[in-house]
Every structure is written in structure tokens, then in C-alpha cells.
*Asks:* 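Pasting in a structure now, in C-alpha cells, and then I'll have a few things to ask.
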Amino acid sequence: MIYLSEWQHGATVYYLAASKKGVCYFGNNERAVVMTWLGRHFNEDVLLGSPADAHNRKYMDDLTNYFNGSLTAFDWPFDLKGTPFQQLVWEQLLTVPYGRTLTYGDIAARLNNSKAVRAVGGAIGRNPVMVAIPCHRIIGRNGKLTGFSGGLDIKRQLLDIEGIAYHD
């Protein structure tokens, strides 16, 4: 069973999905896109509404606290579906501390493959759990913001929450 909840911050609607193993999705795509993604990656029924919200309550409370500036680290279990390379990249994202940034090249170097910058970017772009797996903390080599699956406005908002300076 996948538990799918809608969570809102300001004008932005997010969807959070979790299995019994852990969070498998958090993002601001439209619900139909999320449902298609879940169907492709999980062969399980999707539960909506109050029972899903009850299952996901801790995760949604943590998100509220993060967006309010009172939570700096997530202690969530995850249930991630991705290639072995994507999994390695996502593991590296989890090591980037709150309030700090790295570049795509830094992540590639941490994987002992400095030529894999584009592949790292592709894996980061497929991160299914934005915020808790902090892909927003990865910026361009020149210090500028680069693509973000949730949109650059959301990336700016997340970096502002963490007090991270950036160049547009």
C-alpha cells in the first residue's frame, strides 16, 4: 500500500507518498503526474484521504517545521526506486549539511568519477523526495542556481529558509 497525502505551503501544493518502508515521493507535480509515477515505480494500491494522512502525519509535521525554519534535519526512512547510480547520488545528497551547498562536480568527485557531472545532474533531477533528500543544495560550478525539478522559485525558497546565499 502507498499512502498519498496532499500538503500545502503557501500557494504551492505538494504530494507526499510513503509505503510501509518509508517515504517514496515528495514533490510539487500535479496529482495525475504523481499517480502515474507511483504506478510506474510501485505495484501497489494507493490510499488517499484521512487514512493516508494519518500514516504520513509525522512526515507532514516535519515538513511544516522545516518550512517554518525549526527543523534542520530529516530522520525519515525512505523507499526509493532508482538505478544503482541514482541511489549512490541520492546517498551523497543526504550528506550535504543544512545551510551548505555543493556543486554537481563535487558530487561526481565524491563518487570518484569527476567526468560524471552530467550523469550526476540527471540522477539529481530524478530525485523523488525533494527537500528531505536535499537536491536543492546542489548548485552550478559558478555558484548560480541551475535546474530544479520543483522549479527555481521553490529552490530559491528552500535556500532562503536555510540562509544559503546564491547567484541568479
*Asks:* For the atom pair CE (M35) and CG (N29), what is the distance rounded to the nearest 0.5 Å?
*Replies:* 13.5 Å
*Asks:* Give, for atom CG of L145 and atom CG of D153, the distance between the pair rounded to the nearest 0.5 Å.
*Replies:* 10.0 Å
*Asks:* Between S5 and Y14, is there a side-chain donor-acceptor contact under 3.5 Å, judged purely by atom types and distance?
*Replies:* no
*Asks:* Return the OH to CD1 distance between Y98 and I161, rounded to the nearest 0.5 Å.
*Replies:* 7.0 Å
*Asks:* If you count the non-hydrogen atoms of other residues, nucleotides and ligands that lie under 6.0 Å from CZ in R156, is the total more than 12?
*Replies:* yes
*Asks:* Starting from the C-alpha separation in whole Å, work towards a yes-or-no answer on side-chain contact (heavy atoms from CB on, under 4.5 Å) for L80 and Q87.
*Replies:* CA-CA 8 Å; L80 304 175; Q87 297 272 349; 4.0 Å; yes
*Asks:* Any idea which heavy atoms bring Y59 and P77 closest together, and the distance?
*Replies:* OH-CG, 3.7 Å
*Asks:* Is R137 close to L102 at the side-chain level, that is, under 4.5 Å between some pair of heavy atoms?
*Replies:* no
*Asks:* Between Y104 and G147, what is the shortest heavy-atom contact and its length?
*Replies:* OH-O, 3.7 Å
*Asks:* Does the ring center of W7 lie less than 6.0 Å from the ring center of Y15?
*Replies:* no
*Asks:* Might you confirm whether atom CD of E30 has over 12 heavy atoms from other residues, nucleotides or ligands at distances under 6.0 Å?
*Replies:* no
*Asks:* Can you find a heavy atom in the side chain of I2 that is under 4.5 Å from one in the side chain of D45?
*Replies:* no
*Asks:* Among the clusters formed by ILVMFWY side chains lying less than 4.5 Å apart, do I138 and L94 turn up in the same one?
*Replies:* yes
*Asks:* Step by step, work out the side-chain contact (heavy atoms from CB on, under 4.5 Å) result for F85 and L111.
*Replies:* CA-CA 10 Å; F85 182 77; L111 297 172; 4.0 Å; yes
*Asks:* Can a donor-acceptor pair be found, under 3.5 Å and without considering hydrogens, that links the side chain of Q8 to the backbone of G10?
*Replies:* yes
*Asks:* Is any NZ, NE, NH1 or NH2 atom of the basic residue among R57 and D61 found under 4.0 Å from an Asp or Glu carboxylate oxygen of the other?
*Replies:* yes
*Asks:* Kindly work out whether a path of hydrophobic side-chain contacts (I/L/V/M/F/W/Y, heavy atoms less than 4.5 Å apart) joins F42 to V23.
*Replies:* no
*Asks:* How far apart are the closest heavy atoms of L48 and P51, and which atoms are they?
*Replies:* O-CD, 3.8 Å
*Asks:* Decide yes or no for R110 and T95: does some side-chain heavy atom of the first lie under 4.5 Å from some side-chain heavy atom of the second?
*Replies:* yes
*Asks:* Looking at side-chain heavy atoms only, is the closest gap between I133 and F26 below 4.5 Å?
*Replies:* no
*Asks:* Given 3.5 Å as the limit, does a donor-acceptor pair link the side chain of N68 with the main chain of S70, or not?
*Replies:* no
*Asks:* Hey, does Q86 have a side-chain heavy atom less than 4.5 Å from the side chain of I124?
*Replies:* no
*Asks:* Run the numbers on L38 and E44 for side-chain contact (heavy atoms from CB on, under 4.5 Å), then give the verdict.
*Replies:* CA-CA 8 Å; L38 289 170; E44 300 181 42; over 6 Å; no
*Asks:* Once you round to the nearest 0.5 Å, how far does NZ of K21 lie from CZ of F78?
*Replies:* 15.0 Å
*Asks:* Honestly curious: do V96 and L88 fall in one hydrophobic cluster under the side-chain, below-4.5 Å linking rule?
*Replies:* yes
*Asks:* Report yes or no: does D106 contribute a side-chain atom to a donor-acceptor pair with the main-chain N or O of T103 at less than 3.5 Å?
*Replies:* yes
*Asks:* To the nearest 0.5 Å, what is the distance between OH on Y3 and CG on N56?
*Replies:* 9.0 Å
*Asks:* So, are K155 and D160 salt-bridged, with charged N and O less than 4.0 Å apart?
*Replies:* no
*Asks:* When you compare the side chain of D75 with that of K58, does any pair of heavy atoms fall below 4.5 Å?
*Replies:* yes
*Asks:* In terms of heavy-atom contacts, does CZ of R118 have more than 12 from other residues, nucleotides or ligands at under 6.0 Å?
*Replies:* no
*Asks:* Any idea how F74 and Y66 line up, ring-wise: parallel (<30°), tilted (30 to 60°), or perpendicular (>60°)?
*Replies:* tilted
*Asks:* Looking only at non-hydrogen atoms, find the nearest pair between C135 and F148 and report the distance.
*Replies:* SG-CE1, 3.6 Å
*Asks:* So with a 6.0 Å cut-off around CG of N142, is the heavy-atom count from everything else above 12?
*Replies:* yes
*Asks:* Decide whether H136 and Q157 meet the rule of one side-chain donor and one side-chain acceptor closer than 3.5 Å.
*Replies:* no
*Asks:* Can you tell if the side chain of N127 reaches within under 4.5 Å of the side chain of L93, non-hydrogen atoms only?
*Replies:* yes
*Asks:* What pair of heavy atoms forms the shortest contact from A116 to A108, and how long is it?
*Replies:* C-CB, 4.1 Å
*Asks:* Restricting to non-hydrogen atoms, name the atom on W37 and the atom on C24 that form the minimum distance, rounded to 0.1 Å.
*Replies:* CH2-O, 3.3 Å
*Asks:* Short question: side chain of T64, backbone of M60 - any donor-acceptor pair under 3.5 Å?
*Replies:* yes
*Asks:* What do the steps show when you test I154 against T12 for side-chain contact (heavy atoms from CB on, under 4.5 Å), and what is the final call?
*Replies:* CA-CA 9 Å; I154 300 294; T12 306; 3.8 Å; yes
*Asks:* Verify the cluster assignment for V34 and V131: are they in a single hydrophobic cluster under the rule of side-chain heavy atoms below 4.5 Å apart?
*Replies:* no
*Asks:* Could you see if M130 belongs to whatever hydrophobic cluster contains V33? Use Ile, Leu, Val, Met, Phe, Trp, Tyr and a side-chain cutoff under 4.5 Å.
*Replies:* no
*Asks:* Kindly assign one of parallel, tilted or perpendicular to the pair H9 and F67, based on the angle between their ring planes and the thresholds 30° and 60°.
*Replies:* tilted
*Asks:* Is atom CG of N43 surrounded by more than 12 heavy atoms (other residues, nucleotides or ligands) closer than 6.0 Å?
*Replies:* no
*Asks:* Looking at CZ of R100 and CD1 of I164, how far apart are the two atoms once the value is rounded to the nearest 0.5 Å?
*Replies:* 9.5 Å
